[in-house]
K.L.:
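Mind having a look at this structure? Questions to follow.
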Amino acid sequence: MSHNTDEVPHVAVDPRLLEVLVCPLTKGPLHYDRAANELVSRAAGLAYPIRDGIPIMLAEDARVLDAP
Amino acid sequence: MSDSLIFDRRAVRRHRDRAAATVETVADILADTAGRLLDRLDDTTRIFTRALDVGGRGIVSPLLRARGIETFACDLSPRMAARAGAPAVAADEEFLPFAPHSFDLVVANLSLHWVNDLPGALIQLRHALRPDGLLLASLPALGTLAELRTALTEAEADMSGGAAPRVSPFPDLRDCAALLQRAGFALPVADVEDIKLLYADPLRLLRDLRAAGEANAVALRDRRPPPSALFAHALASMPQQDGRTVATLRLAIMTGWAPGPDQPQPLQPGTAKHSLADALTRPDQDAAI
């Protein structure tokens, strides 16, 4: 996924989703990275992409976070 | 991935991705089963405010919203999830991404039968429900597509002397209520309705299954192209009614409640106020219990 937010505006994620979503693997909290348009699970080390306003909460589609 | 998994989840996702463009052609069948499922809401006086639609294929969410219920949707396929309208997420039923107590209603219309770990999925759905929240699920039960299964098995045995699994294994009705109980649901009920689908052209049946995302995703399926004459041979031998080919959808409807403090509870052993022995020795009197 491109992280360049200037060219294609993201379809906004429905804010109600942010209230109910957790990481599917750890069931822990997610951090909404607005710039990257990702939902980040630090505990799982994964960033779940949001495509066309739809969070893709599938580990196989998630970006593996760099080790801190 | 373990070899013992029954269903190939990547294939399920692929089939549903493809079906997002075609599912409208089978909307009447899906709307029929969704209607039968949501009729159960009229059996309770409860008001539901926030629902999760699991795999409703763009059919169930509008029906829930028409009842004034705020509805979230999820599907293994992002494209199929998009059909439900926002708020929607792509999610694996075996790894659900919902916080505890998020919903007071979960509806799964013909969407849990390609899940490998059904007890695990049901437990996660129970956790996503608030106390006293309702799960409504329809599943194709054993007996579904029995005509097709028999016809294909016999045709393939005739032609090649063996048979590959071409119709998904479905749970027995007895298993359905037991599954709910095992997953910790209170007041579990499962019942069954037979829906007969009649096809003037039996090839339409295969097209409809594919259009709904129901192509074979059994992990041990025969991945070679089937012998060209197999399906024609099998479909011709299926039972007919008034010149039409019969296919049965045996719909199991499952209801269960997330445990809540106000539900009827079994009494503690030893707290009964009337003796069973007394009741049995006085058969002429109505038992006043």
Side-chain angles (χ1 to χ4, degrees), chain A, chain B residues 1 8-14 16-17 20 49-54 58 61 65 69-106 117 120-121 123-130 133:
Chain A
M1 291 295 286
S2 164
H3 286 197
N4 187 342
T5 54
D6 299 334
E7 292 167 17
V8 187
H10 297 309
V11 178
V13 64
D14 190 311
R16 289 174 294 174
L17 280 172
L18 303 178
E19 290 170 29
V20 301
L21 287 178
V22 295
C23 173
L25 299 185
T26 65
K27 307 286 186 195
L30 295 164
H31 166 73
Y32 175 35
D33 183 338
R34 198 176 297 267
N37 206 30
E38 290 175 332
L39 292 169
V40 177
S41 168
R42 294 207 178 87
L46 293 174
Y48 300 93
I50 300 172
R51 296 182 194 135
D52 301 324
I54 296 182
I56 313 293
M57 306 308 293
L58 304 168
E60 63 185 22
D61 287 33
R63 183 173 65 84
V64 178
L65 297 177
D66 303 328
Chain B
M1 284 282 145
D8 175 350
R9 296 285 290 168
R10 281 174 190 276
V12 173
R13 178 177 174 181
R14 208 164 52 236
R16 293 182 80 86
D17 261 339
T49 56
R50 185 179 260 197
L52 173 66
D53 161 22
V54 181
S61 284
R65 290 183 186 127
I69 304 171
E70 180 187 25
T71 303
F72 293 63
C74 72
D75 200 288
L76 183 57
S77 151
R79 269 185 242 169
M80 197 64 103
R83 283 185 46 86
V89 297
D92 186 332
E93 292 87 353
E94 298 178 15
F95 299 95
L96 286 168
F98 301 106
H101 303 180
S102 291
F103 309 102
D104 56 11
L105 174 66
V106 170
D117 180 12
I123 288 168
Q124 292 182 56
L125 289 173
R126 176 170 61 74
H127 285 307
L129 279 168
R130 295 175 193 150

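In what follows, chains are A, B, ... by sequence order, proteins preceding strands, each numbered from 1. Side chains included, hydrogens not; waters and symmetry mates left out as well; all remaining heavy atoms used.
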K.L.:
Measuring from atom CZ of B:Arg79 to atom CZ of A:Arg51, what distance do you get when rounded to the nearest 0.5 angstrom?
P.N.:
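If we round to the nearest 0.5 Å, B:Arg79:CZ and A:Arg51:CZ are 11.0 Å apart.
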K.L.:
As a test of understanding, state which of A:Leu21, A:Leu58, A:Val13 forms a side-chain contact (heavy atoms from CB on, under 4.5 Å) with B:Val89.
P.N.:
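Option passing the side-chain contact (heavy atoms from CB on, under 4.5 Å) with B:Val89: A:Leu21.
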K.L.:
Side chains of A:Lys27 and B:Gln124, heavy atoms from C-beta outward: is any pair under 4.5 Å?
P.N.:
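Yes, side chains in contact.
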K.L.:
Considering non-hydrogen atoms only, spot the tightest contact between A:Arg16 and B:Ala86 and give its length.
P.N.:
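Heavy atoms of A:Arg16 and B:Ala86 come nearest at NH2-O, 4.4 Å.
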K.L.:
Around atom CZ of B:Arg10, are there more than 12 heavy atoms of other residues, nucleotides or ligands at under 6.0 Å?
P.N.:
no
K.L.:
Taking atom CZ as the centre, does B:Phe95 end up with more than 12 heavy-atom neighbours from other residues, nucleotides or ligands that are less than 6.0 angstrom away?
P.N.:
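At most 12 heavy atoms, drawn from other residues, nucleotides or ligands, come within 6.0 Å of this atom.
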K.L.:
Minimum heavy-atom separation for B:Ser102 to A:Val20, with atom names?
P.N.:
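Heavy atoms of B:Ser102 and A:Val20 come nearest at OG-CB, 3.7 Å.
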K.L.:
Any salt bridge linking A:Asp61 with B:Arg13? Criterion: basic side-chain nitrogen under 4.0 Å from a carboxylate oxygen.
P.N.:
yes
K.L.:
Under 4.5 Å heavy-atom distance to chain A, tell me which part of B:Phe98 shows up: side chain, backbone, both or neither.
P.N.:
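Contact with chain A involves both backbone and side-chain atoms of B:Phe98.
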K.L.:
Do you know which of B:Ala91, B:Ala88, B:Cys74 has the most heavy-atom pairs with chain A at a distance under 4.5 angstrom?
P.N.:
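Heavy-atom pairs under 4.5 Å are most numerous for B:Ala88.
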K.L.:
Heavy atoms only, distances under 4.5 angstrom: which of B:Ala82, B:Ala128, B:Pro87 has the most pairs with chain A? Name it, please.
P.N.:
B:Pro87
K.L.:
Between A:Glu60 and B:Arg9, does any NZ, NE, NH1 or NH2 come within less than 4.0 Å of an OD or OE carboxylate oxygen?
P.N.:
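Salt bridge absent between B:Arg9 and A:Glu60.
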K.L.:
With sequence neighbours excluded, tell me which residues meet salt bridge (Lys or Arg N to Asp or Glu O under 4.0 Å) with B:Arg65.
P.N.:
none
K.L.:
Side chain from CB out, backbone as N, CA, C, O: work out which of these in A:Ile56 comes under 4.5 Å of a heavy atom of chain B, or both, or neither.
P.N.:
both
K.L.:
Give, as side chain, backbone, both or neither, the part of B:Leu52 having an atom under 4.5 angstrom from any heavy atom of chain A.
P.N.:
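B:Leu52 has no heavy atom closer than 4.5 Å to chain A.
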K.L.:
If we define contacts as heavy-atom pairs under 4.5 Å, which of A:Val22, A:Asp52, A:Thr26, A:Leu30 has the most with chain B?
P.N.:
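Looking at each of A:Val22, A:Asp52, A:Thr26, A:Leu30 in turn, A:Val22 comes out on top.
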K.L.:
Given heavy-atom pairs under 4.5 angstrom as the criterion, report whether the side chain, backbone, both or neither of B:Glu94 touches chain A.
P.N.:
neither
